[in-house]
Asker: 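Next up is a structure, given as structure tokens.
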Amino acid sequence: MKPPKRLSFEAIIENIEKEFGKIPEHRRAKVSYEIGDCLMSGLAMMYFQYPSLLKYQEKMKEKQGRSNLERLFKTNIVPSDTQMREILDKVEVEPVRKMVKKIFERVRRYGLASNWAMQGQYLVVLDATQYFSSENIQCPNCLRRKDVAGNIRYSHQVIPATIVRPGSHQILPLDVEQICNSDGEEKQDCEINAAKRLIERMRKEHPKLAMILGGDDIYSREPMIKLCRQERYNYIFVAKPTSHKEMFLEIVALDKTGWVKKGEYQESNGKKITRTRYQIAAQVPINGDGKTFVNFFEVWQEDSSGKQIYHNSWVTDFEITPQNIASLVKKGRARWKIENEGFNVQKNGGYELTHNYGHGQENLSMIFYLLNILAFILHQILELTDSLYLEAKKACGGLSFVWQELRMLFNRVVVESWTSLLNVCFSDRLYLNNSS
């Protein structure tokens with residue numbers, strides 16, 4: 001019934017609280033609210049997906065002498081919303097970002113990362129997303145863009161590096177990099193410059209981790225491919241004919257001489273049958289100068305009636321054969337998991353990633369983003385390790401219902417641990433289901 005001890009809610013929260021407690025104090029005067037308490041309070045707010053959580057915990061503390069926030073998230077005090085935001089606005093981003101790395105190290109050390117490993121490698125997808133946008137609210141860190149009407153729009157964008165696996169809805173954030181004002185005015189330039197920093201840092205922080213980078217068409221350029229080779233990454237990047245005209249002309253020429261291999265395969269999922277036609281070209285120049293060579297594959301997928309349902313093309317450093325083409329296609333297509341299981345869930349699945357929890361004038365927006373990502377990671381771990389959580393979810397009738405129940409209990413019922421909260425939730429819901 002209990003999750004593995006080192007990956008339990010209590011063990012991970014204790015580890016996060018310990019690390020947050022090491023963040024240097026930036027205030028000189030005597031303080032009432034510690035940085036660690038404010039960070040853990042913000043994490044609790046994201047974990048329960050409840051912006052008003054602190055208000056209810058203050059009321060519980062007044063009535064009971066101690067709140068569930070203090071019990072479960074190891075805080076020494078319940079800060080007010082205003083105090084928490086003012087303090088977190090001045091907290092440095094880097095120590096909070098490093099918690100994403102440290103949790104992954106814990107997940108890997110205790111064997112959970114094997115759920116994403118493929119022959120000892122991890123498929124890490126890169127893609128930019130915007131989590132804040134406004135015409136009025138801004139800070140010095142905001143990106144600035146003029147719309148067609150000439151109005152300035154302020155935004156925050158990031159590039160998460162997310163571990164995905166074909167055939168699994170589970171994803172695991174590995175790292176994230178902010179897209180900065182200094183990166184340029186065009187989105188692609190901004191995204192690429194931030195991606196380069198991210199790729200270099202991931203290799204420094206995970207020097208022995210075998211990674212395959214996945215990404216859309218803007219990554220399949222000579223500088224990025226050279227960087228992947230330099231930093232010891234494999235890669236599978238989308239490559240479109242509109243942006244790789246010289247390469248596609250070369251493939252047409254090679255096809256005329258018989259150097260392009262072609263074939264097809266079929267896959268079935270129940271009664272659904274998909275036919276995939278493909279072409280493979282080895283060691284083609286990525287651009288006109290002919291200095292950087294890649295392996296290329298393109299696929300057309302049709303349903304049982306012959307209707308085309310998918311078409312795409314990629315470049316990679318893997319040798320492509322008829323035996324591994326299906327696997328490479330699945331890895332290439334898994335790039336969309338960062339959209340479906342990542343961005344869409346975080347924006348629309350209760351996490352309210354684009355909700356303005358508090359913008360601040362320094363780092364508050366990014367701190368809240370990182371706390372949201374940490375909460376998402378904790379939920380992913382729960383899904384894989386905590387059988388009691390899964391039983392409570394089943395008893396409640398689904399994900400949204402269990403968290404609705406947990407939020408209500410967290411604010412109204414005094415509990416001593418996460419396990420006891422789940423027990424109350426499970427027992428209460430089981431009783432209601434049986435009585436009805």
Side-chain angles (χ1 to χ4, degrees), residues 3 7 9 12 43 46-47 49 97 99-131 157-177 191 194-195 198-199 201-202 205-206 209-216 219 233-238 327-354 369-386 389-390 393 398-400 403:
L7 293 173
F9 171 87
I12 295 175
L43 177 61
M46 302 301 178
Y47 184 81
Q49 304 169 4
R97 180 204 66 81
M99 276 312 308
V100 178
K101 164 186 175 286
K102 290 175 180 178
I103 293 180
F104 172 75
E105 289 174 345
R106 191 181 192 92
V107 165
R108 189 178 178 219
R109 185 181 309 122
Y110 296 110
L112 193 62
S114 61
N115 286 275
W116 291 274
M118 298 173 290
Q119 292 80 49
Q121 290 186 298
Y122 296 90
L123 178 57
V124 181
V125 175
L126 309 178
D127 197 10
T129 188
Q130 178 174 284
Y131 69 88
Q157 298 177 25
V158 291
I159 301 182
T162 306
I163 299 175
V164 304
R165 177 169 179 157
S168 172
H169 72 278
Q170 295 284 347
I171 67 172
L172 185 65
L174 178 65
D175 203 347
V176 63
E177 178 66 19
E191 183 172 344
L198 178 59
I199 287 170
R201 184 177 67 224
M202 283 197 303
E205 293 188 346
H206 306 282
L209 195 67
M211 290 180 272
I212 307 166
L213 295 186
D216 62 21
Y219 293 95
Y233 293 95
N234 294 116
Y235 60 86
I236 304 174
F237 295 139
V238 171
S327 175
L328 290 173
V329 170
K330 289 177 181 177
K331 290 183 176 70
R333 294 196 66 175
R335 180 183 70 85
W336 286 105
K337 288 187 173 293
I338 195 173
E339 289 280 352
N340 297 335
E341 276 83 21
F343 301 154
N344 289 344
V345 171
Q346 291 159 10
K347 291 177 181 180
N348 306 311
Y351 295 89
E352 302 295 339
L353 189 64
T354 55
Y369 171 83
L370 289 169
L371 292 176
N372 206 324
I373 292 299
L374 288 172
F376 178 82
I377 294 171
L378 291 176
H379 293 161
Q380 296 294 293
I381 295 173
L382 283 179
E383 290 281 348
L384 292 170
T385 64
D386 199 327
Y389 167 74
L390 295 177
K393 185 172 76 169
L399 188 63
S400 60
W403 283 104

Asker: Roughly how far, to the nearest 0.5 Å, is the CG atom of Asn372 from the CE atom of Met46?
Answerer: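 Output value for this atom pair is 5.0 Å.
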Asker: Just checking Lys330: does its NZ atom have more than 12 heavy atoms from other residues, nucleotides or ligands closer to it than 6.0 angstrom?
Answerer: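 Open: at most 12 neighbouring heavy atoms sit under 6.0 Å from NZ of Lys330.
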Asker: Check Ile377, Leu174, Asp175 against Val100 for a side chain to side chain contact (heavy atoms under 4.5 Å, CB included) and give me the one that passes.
Answerer: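 For Val100, the side chain to side chain contact (heavy atoms under 4.5 Å, CB included) check succeeds only for Ile377.
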Asker: Can you tell me how far CE of Met202 sits from CD of Glu177, rounded to the nearest 0.5 angstrom?
Answerer: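 Glu177 CD to Met202 CE: 10.5 Å, rounded to 0.5 Å.
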Asker: Looking at every non-hydrogen atom in both residues, tell me the closest pair between Ser114 and Gly111 and how far apart they are.
Answerer: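 Heavy-atom minimum between the residues: OG-O, 2.8 Å.
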Asker: How long is the span from the OG1 atom in Thr162 to the CG atom in Leu123, to the nearest 0.5 Å?
Answerer: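 Those atoms lie 10.5 Å apart.
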Asker: Would you say the side-chain atoms of Tyr219 pair up with the backbone N or O of Leu213, donor to acceptor, closer than 3.5 Å?
Answerer: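 It does not hold such a pair.
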Asker: So which atom in Ile159 and which in Ala194 form the shortest heavy-atom distance, rounded to 0.1 Å?
Answerer: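 Taking every non-hydrogen atom into account, CD1-CB, 3.8 Å.
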Asker: Is the ring pair Phe104/His206 parallel, tilted or perpendicular, if the boundaries are 30 and 60 degrees?
Answerer: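 Because their plane-to-plane angle is over 60°, the rings of Phe104 and His206 count as perpendicular.
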Asker: Indicate the atoms forming the closest heavy-atom contact of Ile199 with Tyr233, along with that distance.
Answerer: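 So the minimum-distance heavy-atom pair works out to O-OH, 2.7 Å.
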Asker: Can you tell if the side chain of Lys102 reaches within under 4.5 Å of the side chain of Met99, non-hydrogen atoms only?
Answerer: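 The answer is yes; the side chains approach within 4.5 Å.
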Asker: Whether the Asn234 and Gln121 side chains hold a donor-acceptor pair (N or O, under 3.5 Å, no angle test) is what I'd like checked.
Answerer: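 Checked: Asn234/Gln121 side chains pair up, N/O donor to acceptor below 3.5 Å.
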Asker: Check Arg108 against Ala113 and note the closest heavy-atom contact, atom names and distance.
Answerer: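 For Arg108 versus Ala113, the nearest heavy atoms are CA-CB, 3.7 Å.
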Asker: Under the side chain to side chain contact (heavy atoms under 4.5 Å, CB included) test against Ile103, which residue among Leu172, Leu7, Ile373, Leu374 passes?
Answerer: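 Exactly one candidate clears the test, Leu374.
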Asker: Do Arg165 side-chain atoms and Ala117 backbone N/O form a donor-acceptor pair below 3.5 Å?
Answerer: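 It does hold such a pair.
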Asker: Drop me the distance from Tyr47's OH to Leu371's CG, to the nearest 0.5 angstrom.
Answerer: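 With rounding to 0.5 Å, OH (Tyr47) is 14.5 Å from CG (Leu371).
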Asker: Using side-chain heavy atoms (C-beta onward) and a distance below 4.5 Å, is Pro166 in contact with Met118?
Answerer: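 Contact flag for Pro166/Met118 side chains = yes.
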Asker: Which pair of heavy atoms, one from Leu198 and one from Ala161, lies closest together, and at what distance?
Answerer: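 That closest heavy-atom pairing would be CD2-CB, 4.0 Å.
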Asker: Donor-acceptor pair, distance only, cut-off 3.5 Å: does the side chain of Arg201 make one with the backbone of Val176?
Answerer: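 Yes, the answer is positive, given that a donor and an acceptor are paired below the 3.5 Å cut-off.
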Asker: Looking at CZ of Arg106 and CD1 of Ile381, how far apart are the two atoms once the value is rounded to the nearest 0.5 Å?
Answerer: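 If I round to the nearest 0.5 Å, the distance is 9.0 Å.
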Asker: Of the options Trp403, Tyr389, Phe9, which is the one that meets His379 in a ring-ring contact (aromatic ring centres under 6.0 Å, His included)?
Answerer: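 So, applying the ring-ring contact (aromatic ring centres under 6.0 Å, His included) to His379 and each of Trp403, Tyr389, Phe9, only Trp403 qualifies.
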Asker: Can you tell me how far CD1 of Ile212 sits from OH of Tyr235, rounded to the nearest 0.5 angstrom?
Answerer: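 One gets 12.5 Å once the value is rounded to the nearest 0.5 Å.
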Asker: Side chains of Leu126 and Arg335: does their closest heavy-atom pair fall under 4.5 Å?
Answerer: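 Result no, sub-4.5 Å side-chain heavy-atom pair not found.
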Asker: Glu383 and Leu399: which non-hydrogen atoms are nearest, and at how many Å?
Answerer: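 Result for this residue pair: OE2-CD1, 3.8 Å.
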